[in-house]
Amino acid sequence: MTQPLDASSLDPAAPAPTAAPTSQSGADRFMRRLLRLPVDGPKATATEAQKAFQTSILVAAFRCIVMYIFFPFVLPAIGVARGVGPWVGLTISVVAIVAIVMSMRRFWRADHSKRWHYTVLGGAVMAFMVFEIVRDIAEIAS
């Protein structure tokens, strides 16, 4: 037996029907709590999640280029930037961590199929950033 058609099913501008909520594992619920996401909050799209991913990776890559190419080679060659590297690195690392957390939140809000993959990748990059923050603070303190 076929379903009767209603007016909204013929209108291409009509919003898509909402899917039934998916069941979440304990790990999924833990991550949502950790990222402070509401259970029934607004959803993000996969496009928004991918854009946030690209932004966070670009910030982390920018930090690496600045800290490992620009400061050690370019600025000393022209006699500039003695002692500012750790301060800039600290600032960029914090910005990178914030961008990664924001993109993780978007992946999880969108229920993106690769949300766990990105969580592992983002977590590894954040761990590296925390290591660099500790190194920068130690260099500033000495």
Side-chain angles (χ1 to χ4, degrees), residues 1-77 80-142:
M1 198 149 117
T2 62
Q3 298 259 356
L5 294 175
D6 62 4
S8 67
S9 65
L10 300 175
D11 182 10
T18 57
T22 59
S23 89
Q24 297 174 352
S25 68
D28 279 357
R29 287 190 301 273
F30 170 78
M31 280 304 298
R32 289 180 188 284
R33 278 193 310 270
L34 182 65
L35 294 170
R36 298 178 180 249
L37 292 173
V39 176
D40 295 327
K43 298 285 185 196
T45 65
T47 303
E48 290 173 329
Q50 288 172 338
K51 184 178 178 190
F53 167 74
Q54 291 169 342
T55 301
S56 65
I57 293 300
L58 282 174
V59 170
F62 175 74
R63 186 224 186 268
C64 290
I65 290 169
V66 167
M67 294 307 296
Y68 300 119
I69 296 173
F70 197 68
F71 279 127
F73 301 111
V74 176
L75 293 182
V80 184
R82 188 160 203 90
V84 298
W87 290 103
V88 173
L90 188 63
T91 304
I92 295 173
S93 293
V94 169
V95 170
I97 289 172
V98 168
I100 291 168
V101 170
M102 288 174 56
S103 63
M104 274 186 191
R105 287 176 48 89
R106 285 220 178 108
F107 265 73
W108 281 88
R109 251 192 4 243
D111 280 331
H112 196 280
S113 63
K114 304 291 185 197
R115 65 186 177 271
W116 278 108
H117 296 88
Y118 180 68
T119 300
V120 170
L121 175 66
V125 173
M126 281 194 306
F128 176 71
M129 292 290 123
V130 168
F131 172 76
E132 290 298 322
I133 287 171
V134 169
R135 255 181 43 175
D136 289 339
I137 290 172
E139 192 172 329
I140 290 167
S142 64

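Nothing fancy with the numbering, it's 1 onward along the sequence. Keep in mind that this is a model prediction, so the values were computed, not measured.
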_Donor-acceptor check, side chain of Arg105 to backbone of Leu35, threshold 3.5 angstrom: yes or no?_
yes

*Can you name the side-chain contact (heavy atoms from CB on, under 4.5 Å) partners of Val95, sequence neighbours left out?*
Val59

*Identify the heavy atoms of Pro86 and Ile140 that sit nearest to each other, and give their distance.*
CB-CG1, 3.6 Å

*Report yes or no: does Arg115 contribute a side-chain atom to a donor-acceptor pair with the main-chain N or O of Arg106 at less than 3.5 Å?*
no

*Of the non-hydrogen atoms in Gly122 and Met104, which two are nearest, and what is the gap between them?*
C-CE, 3.7 Å

*Begin from the C-alpha positions of Met126 and Val101 and carry the test side chain to side chain contact (heavy atoms under 4.5 Å, CB included) through to its verdict.*
CA-CA 9 Å; Met126 281 194 306; Val101 170; 3.7 Å; yes

*Check step by step if side chain to side chain contact (heavy atoms under 4.5 Å, CB included) holds for Ile97 and Val125.*
CA-CA 8 Å; Ile97 289 172; Val125 173; over 6 Å; no

*Can you tell me how far OG1 of Thr55 sits from CD1 of Ile100, rounded to the nearest 0.5 angstrom?*
11.5 Å

*Are Glu132 and Arg135 ion-paired here, with the side-chain N under 4.0 Å from a carboxylate O?*
yes

*How many angstroms lie between CD in Gln54 and OG in Ser103, if you round to the nearest 0.5 Å?*
10.5 Å

*asked:* For Leu90, is there any backbone N or O sitting under 3.5 Å from a side-chain donor or acceptor partner on Ser93?
replied: no

_Donor-acceptor contact present, side-chain Gln50 to main-chain Thr47, <3.5 Å_ = no

*Rounded to the nearest 0.5 Å, what's the gap from CG on Asp111 to CG on Asp28? Could you check?*
8.0 Å

*Which atom names give the shortest non-hydrogen contact between Phe128 and Cys64, and what distance separates them?*
CE2-SG, 4.4 Å

*Could you walk me through whether His117 and Phe107 pass side chain to side chain contact (heavy atoms under 4.5 Å, CB included), step by step?*
CA-CA 10 Å; His117 296 88; Phe107 265 73; over 6 Å; no

*Using a 4.5 Å cut-off on heavy atoms from C-beta on, say whether the side chain of Met31 contacts that of Trp108.*
yes

